[in-house]
Amino acid sequence: MSKYPFNEIEKKWQKYWEKNKTFRTIEDESVPEEKRKYVLDMFPYPSGAGLHVGHPEGYTATDIYSRYLRMNGYNVLHPMGFDAFGLPAENYAIKTGTHPYTTTKKNMENFTRQLKSLGFSYDWDREIATCDPEYYHWTQWIFKKLFEKGLAYEASTPINWCPSCKTGLANEEVKEGHCERCGTKVEKKNIRQWILKITAYADRLLEDLDTLDWPESVKTMQRNWIGKSEGAAVFFKLENFDDTLEVYTTRCDTLFGATYMVIAPEHPLVSKLTTKEQKAAVEKYLEDTKHKSDLERTDLAKDKTGVFSGSYAINPVNGERIPIWIADYVLISYGTGAIMAVPAHDDRDWEFAKKFGLPIIEVLKSDVDVQTQAWTEDGIHVNSQWLDGLNKEDAINKMISWLEEHKCGHKAVNYKLRDWIFSRQRYWGEPLPLIHCPKCGTVAVPDEELPLTLPEVTKYEPSGTGESPLVNVPEWVNTKCPVCGADAKRETNTMPQWAGSCWYYLRYIDPKNKDRFIDPEKEKYWMPVDLYVGGTEHAVLHLLYSRFWHKVLYDLGLVSTKEPFQRLVNQGMITSFAYQKKNKSLVPVDKVSEISPGKFIETETGEEVTQVTAKMSKSLKNVINPDDFIRDYGADSVRMYEMFMGPLTESKPWATAGFMGVYRFLDRVWRIITEKNIEDKELDKELDKLMNKTIKKVSQDTETLNFNTAISQMMVFVNELNKLETVPKKTLEILALLMSPYTPHIAEEMWALLGHEPSISKEKWPTWDEKKCLDDEVEIVVQINGKLRSRIMMPHNAEKDAVLEAVRNDEKTKQWTEGKTIVKEIVVPNKLVNIVVK
RNA sequence: GCGAGAGUGGUGGAAUUGGUAUACACGCUAGUCUUAGGAACUAGUGCUUCGGCUUAAGGGUUCGAGUCCCUUCUCUCGCACCA
């Protein structure tokens, strides 16, 4: 009657693994190349809240896979570390004066304790933290490479500015006009920034997606983010000026329908084009737009606004005068910040034209009256002189040739991707290793002075004026130019949090190397990452940035692969149950009672509520803390339940009742091994078959990351073993081996109880005998006109004729076919017979 | 609006190339037992008017559709005036 002593067992084996360095990995050259695998988790930001249930989901998946691969003779690199620069620790420092490193260190210790309590088979000797000077030494060194290659430049451009975080943000960090981190409305601000030329890699970042084994959704998101579009640049001569106005268009074939032009309020030609008569109106409009947030400007529902500049451009194809308007529905950040408007065939232009009474000319044969609505479908060209009668493709080609011939345009490509705003006006990040010299300009800190460490400061608060707290440390800022020795100043901006995560997967390979960022031999040994598991939240941010850095390193000959992560799997989110009233508002879990199975009411009011799944949140009281479950039921239960819940990639709700099922399963296994008679005896045929089928199913499902079905097969096997009076030892040995990647602690204990030496993780994965998996007799389903009517037993692989013969003699079948004409008989070997009758 | 994905019992979810829908688990019902433990064991559990009917709804292809095709609805996620 011993209760499964998970607590004792888990502590014991965790200690054993740590002491014996069971999972230390070395670059063993005798292991052939195809037997080396790099299995990587997205490393966590060590927040004060500790691990949530989402972390162990992906981590358990990669741990199972790593353990499985090792048992199959692979050399597996499976490391863990911390993405340790970040705003929460810094904000906490501002509030309390505690150094961010102190907070971060404490949190990392807590995370490490939690990760170890889950029994993950990481090689802890390779642990890294991005805030460690030994680590960011090489982050700075890589930045220098980018700088030397001309991929980092300084510019003062309007950028996204978070007034709460008091720092600039990359485009990728702005979600629906708000700061991704704190939710504050983002403003535009003109400040000096370091920018990385990620756009120089746009095409390769796009093309190489095709070579990756990634979820289609993530690839699509990256493609959309890069946003390549092919079209034409068209130059419009200006009336009364020598300048030309360049626009970008994907539909240069509609040029005959261009009835006005629009330039963005920030366009450099605005003041030049504004006439005396229009000056007051234009200035007022510019003032109005300036005060609008990005969100207001880009709100689709809002009315179009704009103002006439007073000037005209000349349509190159027909010499018509076209009025130039200024309007904020044209964005300065895309294309040239100027468009030709074709109101007949574009909803936005149509809306604008209607509002301001501009002419609308149909140039594509439309099914509607373009005066009453825009026609945005394809159509044959009309009112377009020498394009009339042509389709879209031909017309575009003809127009581009015409434009090129007349030197007023050419084929052009555009991207939505912007260069990466890379500097942050904050303290807790890698200092940019740059020095501003009045004579030599901006020069890099020499290699031998790296790492350039963060100085101590007394105040962590950003200045808010666009400078980091580092400006307040004169002894750090004031330095000598490494080139000419003159008095110079250090760059005071720091790198964004993404910098450290751009290359951490490389440092794991050679984490202690003092001389270089990575040993090329070791890099070749492990790269690329064979499996990378993490959440979708990094679909464009981290995964785009690190691909970019990796490609730069590749071009410099510093890494051997074009892409860092060959295979990517996104784990689904673990949600929780919540309760919803009729008016769709959610009720906290502790305010709900279950009155009968599946029926819930709000305790206070008695109103019926329905069970729905929702994100875990403090206010709904439905947050699950993995620590509680590890303490009360053990890490093995937590690991196995998270894998049993459903497919890894799906989002699914935590159900504590379901968790208990897994705990009971492990308890049952424990009772079998400690209470039943175990004998070294032959297996009977049926049991042997089930065992072989189980090995097969668990092997295949583990290989393909279908952990939930692998576990259900183990349950089937255990249910069968549980029925036996005496259990053959062999079955339990196999069970322990199959369970060991999933629930390593109990498996180690079982292995020891069965009289074997530790560690089970060093054992060979069991194999199955395909012959033994086959049934001698199979059930053949008999369908009449596609409906299930009878079942018969037949030997495996019985001849078609024999099967039909047996079916014809089957009593039930006879009843259904009597007096009818058999039209057709379909036989699926070992499966079914379908008889079509009339 | 555009793009991607998903809809299967009371619940989480299974179902090779189209071939027995609902494996496994939870929950529930009845019983046995006890060291009253979120116990264990046994039996049952999609609906049903017992003819049948069931994979969001409707249509199609097929001997046969959860799976393929079309239409519609719902939900989730991403992007969003991108010219």
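Residue numbering restarts at 1 for every chain, and letters A, B, ... go by the order of the sequence lines. All values below were derived from every heavy atom in this structure, side-chain atoms included, with hydrogens, water molecules and symmetry-related copies excluded. Just so you know, these numbers come straight off a predicted model, no measurement behind them.
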Next on the checklist: Please classify the glycosidic conformation of B:rG9 as syn (within 90° of 0) or anti (everything else).
Outcome noted: syn
Next on the checklist: Mind checking if A:Pro647 touches a base, just sugar-phosphate, or nothing, with heavy atoms under 4.0 Å?
Outcome noted: sugar-phosphate
Next on the checklist: So A:Lys652, base contact, sugar-phosphate only, or nothing? Heavy-atom distance under 4.0 Å.
Outcome noted: sugar-phosphate
Checklist entry - So, is A:Arg664 close to the B:rG27 phosphate, meaning a side-chain N or O under 4.0 Å from OP1 or OP2? => result yes
Checklist entry - Would you say a side-chain N or O of A:Tyr248 is under 4.0 Å from OP1 or OP2 of B:rA83? => result no
Checklist entry - Across the strands shown, which category fits A:Val330 at heavy-atom distances under 4.0 angstrom: base, sugar-phosphate, nothing? => result base
Checklist entry - How far, in whole Å, is B:rU11 from B:rG3 if one measures between their C1' atoms? => result 32 Å
Checklist entry - Which part of the nucleic acid, if any, lies within contact of A:Val828, taking any heavy atom under 4.0 Å across all strands shown: a base, the sugar-phosphate backbone alone, or nothing? => result base
Next on the checklist: Counting the atoms with a prime plus P, OP1 and OP2 as sugar-phosphate, which does A:Gln783 contact under 4.0 Å by heavy atoms, base, sugar-phosphate, or nothing?
Outcome noted: base
Checklist entry - Expressed in whole Å, how much space separates the P atoms belonging to B:rU45 and B:rU22? => result 12 Å
Next on the checklist: Once you apply a heavy-atom cut-off of 4.0 Å, does A:Asp346 come out as touching a base, just sugar-phosphate, or nothing?
Outcome noted: nothing
Checklist entry - Side-chain donor-acceptor pair under 3.5 Å between A:Tyr742 and A:Asp636, yes or no? => result no
Next on the checklist: Measuring only the P atom in each nucleotide, how far is B:rA4 from B:rG13? A whole number of Å is fine.
Outcome noted: 24 Å
Item to check | Geometric class of the A:His542/A:His538 ring pair [parallel <30°, tilted 30-60°, perpendicular >60°] | outcome: perpendicular
Item to check | A:Arg668 CZ to B:rG38 P, straight-line distance once rounded to whole Å | outcome: 17 Å
Next on the checklist: What's A:Phe665 touching, base or sugar-phosphate or nothing? Going by heavy atoms closer than 4.0 Å.
Outcome noted: nothing
Checklist entry - A:Asn722 near the nucleic acid: base, sugar-phosphate alone, or nothing, with a heavy-atom cut-off under 4.0 Å? => result sugar-phosphate
Checklist entry - Is A:Lys304 positioned over the aromatic face of A:Phe352, cation under 6.0 angstrom from the ring centre and no more than 45 degrees off axis? => result no
Item to check | Aromatic plane relationship, A:Trp670 with A:Tyr4 - under 30° parallel, 30 to 60° tilted, over 60° perpendicular | outcome: tilted
Checklist entry - Touch check for A:Gln713, heavy atoms < 4.0 angstrom, all strands: base, sugar-phosphate only, or nothing? => result nothing
Item to check | Whole-Å C1' distance, B:rG27 and B:rG78 | outcome: 36 Å
Checklist entry - Between A:Glu351 (CD) and B:rG1 (P), how many Å, whole number? => result 15 Å
Next on the checklist: Using OP1 and OP2 only, check whether a side-chain N or O of A:Asn719 sits under 4.0 Å from B:rA25.
Outcome noted: yes
Item to check | Sugar-phosphate, base or nothing in reach of A:Ser229, heavy atoms under 4.0 Å | outcome: sugar-phosphate
Checklist outcome for this item: By nearest-heavy-atom nucleotide on RNA chain B, the more 5' of A:Met715 and A:Thr220 is A:Thr220
Next on the checklist: If you only use heavy atoms from C-beta on, which nucleotide in B:rG13, B:rA15, B:rG3 is closest to the side chain of A:Thr709?
Outcome noted: B:rA15
Checklist entry - Is A:Thr536 touching bases, backbone alone, or none of the nucleic acid, heavy atoms closer than 4.0 Å? => result nothing
Checklist entry - Which part of the nucleic acid, if any, lies within contact of A:Ala657, taking any heavy atom under 4.0 Å across all strands shown: a base, the sugar-phosphate backbone alone, or nothing? => result sugar-phosphate
Item to check | Options B:rC81, B:rU20, B:rC63, nucleotide nearest the side-chain atoms of A:Val781 | outcome: B:rU20
Next on the checklist: In whole Å, measure the gap between the C1' atoms of B:rU48 and B:rG52 for me.
Outcome noted: 8 Å
Checklist entry - Expressed as a whole number of Å, how far does the C1' atom of B:rU67 sit from that of B:rU62? => result 13 Å
Next on the checklist: Less than 4.0 angstrom between a side-chain N/O of A:Asn224 and OP1 or OP2 of B:rA80, yes or no?
Outcome noted: no
Checklist entry - Distance between the C1' atoms of B:rA65 and B:rG58, in whole angstroms? => result 15 Å
Next on the checklist: Under 4.0 Å, counting only non-hydrogen atoms across every strand here, what does A:Phe352 touch: a base, just sugar-phosphate, or nothing?
Outcome noted: nothing
Next on the checklist: Under a plain distance cut-off of 3.5 Å, with no hydrogens placed, do A:Thr536 and A:Asn570 share a side-chain donor-acceptor pair?
Outcome noted: no
